[in-house]
4 protein chains.
Amino acid sequence: MIRVGVMGAAGYAGAELARILLSHPDFELALVTSNADEGERLDAVYPSFVGATDLAFSSHDDPAAYDLDAIFLALPHTASMARVPALLEHGVTVVDLSADFRLRDAATYERWYGVPHACPELLARAAYGLPELFGQGLERLAAERAQGTPALVACPGCYPTASTLASFPLVASGLTTGAVIVDAISGVTGAGKRASTRTHFCSANENLEAYGVGTHRHTPEIEQNLTDAGRGVQQVVFTPHLAPVERAILSTVTMSLSRPATTDELLALYHEAYDHTAFVHVLDGSQPRSASVAGTNNAQLTVVADARTGHAVATCAIDNLCKGAAGQAVQCANVVFGLDERRGLAAIGRAV
Amino acid sequence: MIRVGVMGAAGYAGAELARILLSHPDFELALVTSNADEGERLDAVYPSFVGATDLAFSSHDDPAAYDLDAIFLALPHTASMARVPALLEHGVTVVDLSADFRLRDAATYERWYGVPHACPELLARAAYGLPELFGQGLERLAAERAQGTPALVACPGCYPTASTLASFPLVASGLTTGAVIVDAISGVTGAGKRASTRTHFCSANENLEAYGVGTHRHTPEIEQNLTDAGRGVQQVVFTPHLAPVERAILSTVTMSLSRPATTDELLALYHEAYDHTAFVHVLDGSQPRSASVAGTNNAQLTVVADARTGHAVATCAIDNLCKGAAGQAVQCANVVFGLDERRGLAAIGRAV
Amino acid sequence: MIRVGVMGAAGYAGAELARILLSHPDFELALVTSNADEGERLDAVYPSFVGATDLAFSSHDDPAAYDLDAIFLALPHTASMARVPALLEHGVTVVDLSADFRLRDAATYERWYGVPHACPELLARAAYGLPELFGQGLERLAAERAQGTPALVACPGCYPTASTLASFPLVASGLTTGAVIVDAISGVTGAGKRASTRTHFCSANENLEAYGVGTHRHTPEIEQNLTDAGRGVQQVVFTPHLAPVERAILSTVTMSLSRPATTDELLALYHEAYDHTAFVHVLDGSQPRSASVAGTNNAQLTVVADARTGHAVATCAIDNLCKGAAGQAVQCANVVFGLDERRGLAAIGRAV
Amino acid sequence: MIRVGVMGAAGYAGAELARILLSHPDFELALVTSNADEGERLDAVYPSFVGATDLAFSSHDDPAAYDLDAIFLALPHTASMARVPALLEHGVTVVDLSADFRLRDAATYERWYGVPHACPELLARAAYGLPELFGQGLERLAAERAQGTPALVACPGCYPTASTLASFPLVASGLTTGAVIVDAISGVTGAGKRASTRTHFCSANENLEAYGVGTHRHTPEIEQNLTDAGRGVQQVVFTPHLAPVERAILSTVTMSLSRPATTDELLALYHEAYDHTAFVHVLDGSQPRSASVAGTNNAQLTVVADARTGHAVATCAIDNLCKGAAGQAVQCANVVFGLDERRGLAAIGRAV
C-alpha cells in the first residue's frame, strides 16, 4: 500500500479526499490534519465516516507527514506553498489542490492573488493535473518519481476544469475568434466549509446570484489553459454564479466561430478529443446534467453550433468536489504512482 | 371595482395572477377558467387560497368572460390568439401573457413558433408590456381605452424581461458592439405546472442544466427589444438554464464594449434609465440576488465593466412568475386602466 | 399612524417584522435596532428592502425607543426581559417575541432556561399572544392600554403555536388521555440567522435530523397551553426536527383517545374552535401543506381518528417566522391597539 | 460471476439496483427490464450510466430472465407476486422489493392491500430481508439455495426498515408498554418516479406534509416486526411525512417506558443489538443525520430516555433507496449466495 495523508482534511475537498482514499485499493490513508479540529475524530466532524475509520486529526505540523509516500494538500493558497518545499525535500510527493502551482508565471500569480510567490523555482517542476488534456506533464512526473524524485502536481480549479474541458477542443481547432465568454454555475460546496451569511441555508437556498464578476482568480488559469491550445493568446470573460445545489459546476462557454460550422462538425472534434478517456463523456443531442456526475470523477459535455449567429455554445458538467478537486487529485496520484487512473474512483453516479 | 377574469388560472402564472388580483384594491376577480379543472374550487387545486375565495373554475368557453372589463390570458401560445379577437369584439380589454402578440413581425413569429399567426392584423394594435422601457405603447392603449377601445397588452416573456432590462441602457448608449451573449437561469416554475420527468423533484433538485441552446423562442423577442434601442439590428446568443429554485430569473448579459469604459460610467447609464421607476432598482457594488425579488414585481440589476477584456457584464434578477409574468401583467393593467402602476403589487420581498 | 420600532431587527424574526410593518396601513416603522449592524442600512443587510426604506440600524440603547407607541422585541431570551421594565415605565407597549414572558411560573422558567427570571412581577401582567385560543388576555391589555397602561404581550414560540393549535380543541374536549406526543418539523429559519455548521447550506440541505430530544424549551410552553384547556395537567413528549425548507413548522400531534371517536366527530370540534377565526383554517379530508401558508399569518390544520389503535393524529402547518413569530406579533399588536386583527397581514400565500 | 437481472429497472429502486450491481465484484448485471422504456438504453433514461454500460431495457416478459441465477424484482405489489412462481420454477432466486411477501399472514395482506394474495403458499417459504434482526431466515435460504432450491427474499419496506431498527431492541427488552408511535419523514424518491402534482419540484420543494395518516400500508409490517420481538402483540400508530430531500428516511419512534430507565441503559441495549453488524451504527450523544447515510447501506440510530415523562425516543436514519430498498436487497443477495454481506456496498457516505 502507498501511504498517504491529507492536510486540510476538515475542509470539503479534504473530506472528499478522505472518503475516496479510505476506499482506495492501493492507497492507505494514514494521516489527516486540521489545525482547527486537532484531536477530533474524523467521524465526529463528519458522521458519514462512522464505522469506517478511527482516524483523528493531527495538526498540519505533525512530522508524520514526512514519513508518507504522498500528501494531498487541501489548504488555502499561500498556506500550500509554505509547506511544499519541505515535503518535497523529505521525498514526499505532493498533490496540491490549491492555486499555488497552477499558474506557470509568477507575475500572473502575484497580479491575481495579491502576494508574491514563495517558491517560484518550483513552478516549472510542477505539472498541471488535468490528465485528459495535459497528460504529458503527469507522465513526466511519473517517470521522475520512479527514479526517486518526488512529484508535485498542481490540481486545477473546479471552474477551470469544467471550462477548459468544454472549450479546449474547439479553441485548439482554430475555429474560434475573439474573447471566450464563460458563464459558470457552482454549487455551494464551492464556497467552502466556513459558515457565513453567504453559505447560510436561508441565504443560499432559493437564490441565484453572480459574484466576482471580472475578478475571479480562476480567470487567468482558464486563459493559460486555452492559450496552451496553441492558437494564440486567449482572453476569457468569466462570470461565476452560485446556485442552491451542493456539488456541481455547470460551465457554459460561448465562442464566436471564425467560419460557419455545424453541430456535427463540432461534436466530431470533441469526440476525437475525449472518446479515448475514462472520465470525459461527450453527449450527442442532449445537454449535460450536473446531477448525473455528482459524486463521481466524470465530466459530461456537449457543444451546439448556433448557425444563425455564428457562435458555438459548449457546456460541461462536473462535480466541483470530485472531478473539480478531490477526484481529479486522486486520478493524478494514480497516474504519478503508475496505477490505472481509474483506481478507487466511482464510475457511476446516482441515477436519482 | 374593475371586474376581471383569468383564463388559464390553473397554471402557475394564472394562479399567481389570482393571488395578486384577489388582494388588489381596484380589481375584482370574478372569473377563473381551466378546462382541465372545470368545476374544481380554486382553493382545492391550490390550498394557499383556503379562506380567501370561493371561486371555482369554469371552462375557457364560459360566456361570462364577455361581460368583464378585462381578461388576463394565461394560456399557451396559439390558444391565446384563438380567443383574443372575440374578447376584443365584446369590448373586453385583454392582457395576454402568451407569446402571441409580442413579436411585431408575423413572419418572425411563424419562423420561431412553427405556425402562421392567426390574426396578424392585431399585432400593430397590441402594445408590448414592459412599462419601464416601452411605456408609450401602454399609454396609447390607456388613452384608447378611455375612449372606449378595449386594449390589447402583449406581456413580455420572463427571460426577455430580465435580459432586456439588463442590457437595454447599454445597448441604447451605443457603447456595445457585436453579438449580445445572454446566459440566463430560470427557476422550475418557468417549466410550468405539467408534471414531467424534467419537473420531477428528483430530476430538478440538485441539478443544473442548459436547455434549448440556440433554439429558445425568447431569442427573437430579446433581439426585437434590443434592436428597438435604436443602435442597429442586435443579434443575441441566448442560452437558458434550469436550476433548483422555484421563482427566479437571473440573466447575465455579456457585451463587447466599443471603447473603454468604467463601471461607474456604465452604472450612470442604468441609474438614468431606471431611477425614476417604481420597480427596477440599480445596485451599486453588489450583485442582484434572485431571492430578494421573489414574490415581488421588483427587478434588481447591476453592471460591471471588465476593463481587462473590454466587456461589460450586466445582471438582472426578477421573479419569473411575478415581474416576469403575472405581476408585470397587473402592472400593465394598472396603467391601461389609469391607476397607479404599483396598485396591488407587493413592494417588499421576504428578507429570508 | 401608530409609531413603532423593532429591537433586534437584523435577525430573521425582526426582519420579517420590518417587512410587515413597512407595508402596514396603521403602523409606521420608525426605528430598527441591531448592535451588530449599527449604522448599516436595512436594505444593505437585506436587499429585499431596496427601494422600500431608508432606515438604518441604531443600537438597542437608542433612546428614541422611549418615544414610540410600541416596541416589538425580537431579542434573545434574557436580553428581552432586561429591557421590558424600562420600556413599560416610559409608557411604551411591548410586544415581546422572546420566551421571557410566556411561562407564568417563574420557577418553571428557571428550570428550563437555566437563569432566574429578572422581573417575575411582570409575568401576571403579560398576556400570552395566541389570539385564537387565549384572546381574553389580549382584550384585557387592549382595555388597559386604552386607559393609558402600556401593554406587554408575550408572543408564543413557533412550535407551541402550531402544536397548541393542533391539539387544544381535542384536549379541551376531554377525549384524550395520557401523554401528548408532539413530533414537529421546522424550517431552517427557525435556527436563526447565526451562521454555523448546522445552518450551512451543505449541512442543512438534503438532510433530516431530530434535535433537542427531551430538552427543548418549548416543551413547558406547550404543556402550559394544553393544561389551560382545563382537563388536568398535560404532559408533552416533544421531539423537534430540522428539514431543508426555509419557513415552516409542521406539527404532528398524536393523542390517545379515551373512547372511540370518528374523524368527523373530531373535525367538528376543530371547526367549532376555529371557523370563526380569520387565520386558522380546518381542512376536511386533506393534510396541511406548509408551503400553502408560507409568507402568511395563516395556520392550516386537520385531525384524523385512527380507530384501529384508538388514537388521534392532528397536524398543523404554519410559517414559523410569520404566524409563528412576526405575523402573530403584529396580529396581537392589532388587537392591543384596537384594530382589526387582520390589518397589514397577507391573507393569501403563494400558490407555488 | 453470478448472473442477475433487475425487473423494473426504470424505477428509482431499480435504477439504484443497477448502479450497485454494475459495480459489484461478484454479480454481473445481464438484464434490465421495463415495459414503458423497452428498447431504450439505460444510459438514455438515466445519464449517470453514460460510459458505464450498454444495457438496454427489454420487456418484463423477456425469457432471458429464466436463464439467470437471480432476479431482483423492483415491481409494484401484485405485479411482483404474478411473476415469482414462474421464476422460482425455473430455478431463479428472487429478491423481491415489493410488499408481496413481507406479511406472513395472507389475510393481513388482503386487509391492507385490498386484493387477495395470489400465491399464499409461498409466504412461508420467503424470508424477510432485514439481516441485522432476522438473519436466520436468510441463512435458511442460503442453505437451501446451496442445495439447489432457489431462494425467495422479501425485502422490507423503507419505513419498516428504519422504524424497526429504531425500536426493536427496546421492544424486545420488555421495557415498553402501550402503542408505539412512529412519525417518519421520507425523501421524495420514496414517492417513486411517476411524475405527478405531488412530485413536481414546485409542489414538493419548500413543503412539509403528512400523508396516509392511519392508513399507510407499512403499518402492519412494522407491527409484525415488533411483535416478532416476543413481547406480545404490538400496535403501531404510524404517520409518514414528505420533506424536500431526495433520499432519506428519518424515523422517530416514541415509546412509553414500563419503568424508569436512563439513556445509557437504553443505549446499552442498542449497542448489544447492533455493534456486531456491518451497517447499523449506534450513536452516543448525537442524533442521526440522514445526509450522513445517503448513498450508502448504512443506518445510524440512537435513543434518548425522557425521564420526566417516562418515554423513550429512538431515531434512525437510512437512505430509503439504499438500506431501505436496493442496498438491502443486494445485502440479502450477498447472504443468500454465501458472500460477505458487504460485497459491492459502499461503506462511506459523502461528508457533504
Side-chain angles (χ1 to χ4, degrees), chain B residues 10-16 19 34 36-37 40 42-48 50 158 185-211 241-248 290-291 294-295 319-322 324-326 349-350 352, chain D residues 10-16 19 34 36-37 40 42-48 50 158 185-211 241-248 290-291 294-295 319-322 324-326 349-350 352:
Chain B
Y12 286 163
E16 178 76 351
R19 179 177 79 98
S34 162
D37 293 294
E40 291 280 323
L42 182 54
D43 65 1
V45 175
Y46 291 113
S48 61
V50 166
C158 50
I185 315 170
S186 172
V188 185
T189 49
K193 192 198 179 186
R194 202 170 62 83
S196 67
T197 298
R198 190 145 166 271
T199 59
H200 194 297
F201 180 85
C202 301
S203 296
N205 188 46
E206 289 295 308
N207 187 48
L208 304 170
E209 67 179 305
Y211 67 98
H241 301 73
L242 197 65
V245 299
E246 289 189 43
R247 293 163 162 251
S290 71
D319 178 330
N320 58 305
L321 286 187
C322 201
R350 301 178 190 167
V352 287
Chain D
Y12 286 162
E16 179 76 350
R19 179 177 80 97
S34 163
D37 293 295
E40 291 280 323
L42 182 54
D43 66 359
V45 174
Y46 291 113
S48 61
V50 167
C158 50
I185 316 170
S186 172
V188 185
T189 49
K193 192 197 179 188
R194 202 170 61 84
S196 67
T197 297
R198 189 145 167 272
T199 59
H200 194 298
F201 180 85
C202 301
S203 296
N205 189 46
E206 290 294 309
N207 187 48
L208 305 170
E209 66 179 305
Y211 67 98
H241 301 73
L242 196 65
V245 299
E246 290 190 43
R247 292 163 164 250
S290 72
D319 178 329
N320 59 306
L321 286 187
C322 202
R350 301 177 189 166
V352 287

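Labels below follow one simple rule: chain letters A, B, ... track the order of the sequence lines, proteins then strands, and each chain is numbered from 1.
For the set Thr197(D), Thr189(D), Val245(D), Val188(D), the count of heavy-atom pairs under 4.5 angstrom toward chain B peaks at Val188(D). For the set Pro244(D), Ser196(D), Ala204(D), the count of heavy-atom pairs under 4.5 angstrom toward chain B peaks at Pro244(D).
Taking 4.5 Å as the limit, every side-chain heavy atom of Leu321(B) sits out of range of all side-chain heavy atoms of Arg19(B).
Contacts between Arg194(D) and chain B at a heavy-atom distance below 4.5 Å involve the backbone alone (N, CA, C, O). Looking at Thr199(D), the atoms closer than 4.5 Å to chain B (heavy atoms on both sides) sit in the backbone and in the side chain alike.
Tyr12(D) and His200(B) have perpendicular rings, their planes meeting at more than 60° on a 0 to 90° scale where under 30° would count as parallel.
Both the sub-6.0 Å distance and the 45° axial angle are satisfied by Arg198(D) relative to the ring of Tyr211(D).
Between the side chain of Asp319(D) and the backbone N or O of Ala248(D) there is no donor-acceptor pair closer than 3.5 Å.
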